[in-house]
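See structure below.
Below, each value reflects all heavy atoms present in this structure, side chains not excepted, and no hydrogens, waters or symmetry copies.
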Amino acid sequence: MSNGKFRLSQSAVEWTKHFKLGPRAQKLFLAMVYEQDQEREGWATGGTWMETACRGFHRPLAKFRSLGCAPKADNARFFQRAVEELEQVPELFEHIALDTKTSTLTWVFGLRLHGLMADMQIYALLSIADADQISSTLDLPLLTQMTLHKKKKLRECHELCVSGLAHAGFRYSHALKRSSNIMAK
């Protein structure tokens, strides 16, 4: 996904409710989920999911600062405290490390989280800007609960089906016939 939006599956939302993370750790967790979601196969499913699940992700701390989920200051105190807190929840990560010399964060989410992220029938659609609003321990569960969506399922007509473009054209032509759209012309 792009444009600052990313998804967190309902199963992952329910699972992460059990972890009492502070605001720093919540913000960093969401930023890492966002960064991984931006990768082409960040949450791969199917035959290659295990390879993706075991692959490490590396980001400079400046990237997290530019997303607005960490203070703009050049020191790493925010990240040190957040990583220390996230390390206290070993179920979330196979590996998480902060290298203050290179100002880099490295992580591998746990296999359970990868499995939970595979089911996107119902998901929280979040904006990375939402992470900046987190200020208490309960904010992550509330934020994700409020943004749950069901995956849209389009109706199919197998007998008449020509192509997806034909369906789009059909819907567009019917929208033009509505009186409100005619008046807007």
Side-chain angles (χ1 to χ4, degrees), residues 1-13 15-46 48-120 123-137 139-144 147:
M1 270 194 164
S2 59
N3 69 10
K5 301 272 187 196
F6 65 103
R7 300 181 303 169
L8 195 60
S9 74
Q10 180 186 21
S11 304
V13 167
W15 186 60
T16 56
K17 281 183 190 177
H18 303 293
F19 308 123
K20 301 296 181 216
L21 300 172
R24 283 185 187 105
Q26 290 179 33
K27 289 178 181 185
L28 188 56
F29 172 72
L30 282 182
M32 289 188 292
V33 170
Y34 170 79
E35 281 298 308
Q36 187 156 331
D37 197 54
Q38 300 306 300
E39 294 284 322
R40 196 173 116 238
E41 292 184 10
W43 302 104
T45 57
T48 63
W49 83 272
M50 189 61 125
E51 291 174 20
T52 304
C54 295
R55 183 182 56 169
F57 287 85
H58 314 278
R59 294 292 185 274
L61 299 184
K63 178 67 176 171
F64 295 108
R65 288 185 184 107
S66 72
L67 293 173
C69 65
K72 300 280 186 210
D74 274 341
N75 65 40
R77 274 189 303 234
F78 171 89
F79 295 100
Q80 289 168 333
R81 291 182 182 148
V83 168
E84 286 171 5
E85 195 173 341
L86 290 169
E87 286 175 328
Q88 300 302 313
V89 187
E91 300 90 352
L92 278 178
F93 297 94
E94 294 291 320
H95 170 76
I96 182 169
L98 175 65
D99 186 345
T100 54
K101 290 180 181 145
T102 61
S103 295
T104 305
L105 181 64
T106 304
W107 73 93
V108 177
F109 280 116
L111 295 179
R112 175 122 190 243
L113 185 58
H114 272 274
L116 294 172
M117 288 294 286
D119 178 21
M120 286 289 183
Y123 58 89
L125 182 62
L126 299 162
S127 167
I128 192 59
D130 294 336
D132 192 38
Q133 299 172 10
I134 293 175
S135 61
S136 78
T137 305
D139 285 351
L140 179 63
L142 290 173
L143 177 66
T144 53
T147 58

(message) Can you list everything that forms a salt bridge (Lys or Arg N to Asp or Glu O under 4.0 Å) with Arg24? Sequence neighbours excluded, please.
(response)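 None.
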Atom pair [atom1] ([X]) and [atom2] ([Y]), whose distance is rounded to the nearest 0.5 Å:
| X | Y | atom1 | atom2 | result |
| --- | --- | --- | --- | --- |
| Thr16 | Gln26 | OG1 | CD | 9.0 Å |
| Trp107 | Leu86 | CH2 | CG | 11.5 Å |
| Leu92 | Phe29 | CG | CZ | 5.5 Å |
| Lys27 | Leu21 | NZ | CG | 13.5 Å |
| Met32 | Asp37 | CE | CG | 14.0 Å |
| Glu87 | Ile96 | CD | CD1 | 6.5 Å |

Residues forming a side-chain hydrogen bond (donor to acceptor under 3.5 Å, both in side chains) with [X], sequence neighbours excluded:
| X | value |
| --- | --- |
| Thr102 | Asp99, Thr104 |
| Glu85 | none |
| His95 | none |

(message) Just to verify, what does Gln88 make a side-chain contact (heavy atoms from CB on, under 4.5 Å) with, not counting sequence neighbours?
(response)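 Counting only residues at least two positions away or on another chain, Gln88 forms no side-chain contact (heavy atoms from CB on, under 4.5 Å).
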(message) Side chains of Phe6 and Leu30, heavy atoms from C-beta outward: is any pair under 4.5 Å?
(response)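 Answer yes - side chains close enough.
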(message) In the structure I gave you, are the side-chain heavy atoms of Leu116 and Arg112 within less than 4.5 Å of one another anywhere?
(response)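 In short, these two side chains touch, coming nearer than 4.5 Å.
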(message) Restricting to ring-ring contact (aromatic ring centres under 6.0 Å, His included), what partner residues turn up for Phe93, sequence neighbours left out?
(response)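 Checked Phe93 against ring-ring contact (aromatic ring centres under 6.0 Å, His included); matches are Phe109.
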Which atom names give the shortest non-hydrogen contact between [X] and [Y], and what distance separates them?
| X | Y | result |
| --- | --- | --- |
| Met117 | Leu8 | SD-CD1, 3.6 Å |
| Ala12 | Leu113 | CB-CD1, 3.8 Å |
| Gly56 | Val108 | CA-CG2, 3.5 Å |
| Leu61 | Leu98 | CD2-CD1, 3.6 Å |

Compile the donor-acceptor pairs under 3.5 Å between side chains in residues 66-76 and protein atoms, sequence neighbours left out, one pair per line.
from, atom 1, to, atom 2, distance (Å)
Ser66, OG, Lys63, O, 2.7
Lys72, NZ, Arg65, O, 2.9
Asn75, OD1, Arg77, N, 3.4

(request) Establish, from distance only, whether the side-chain atoms of Glu91 and Trp15 form a donor-acceptor pair under 3.5 Å. (result)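 No, because no side-chain N or O of Glu91 sits under 3.5 Å from a partner of the opposite role on Trp15.
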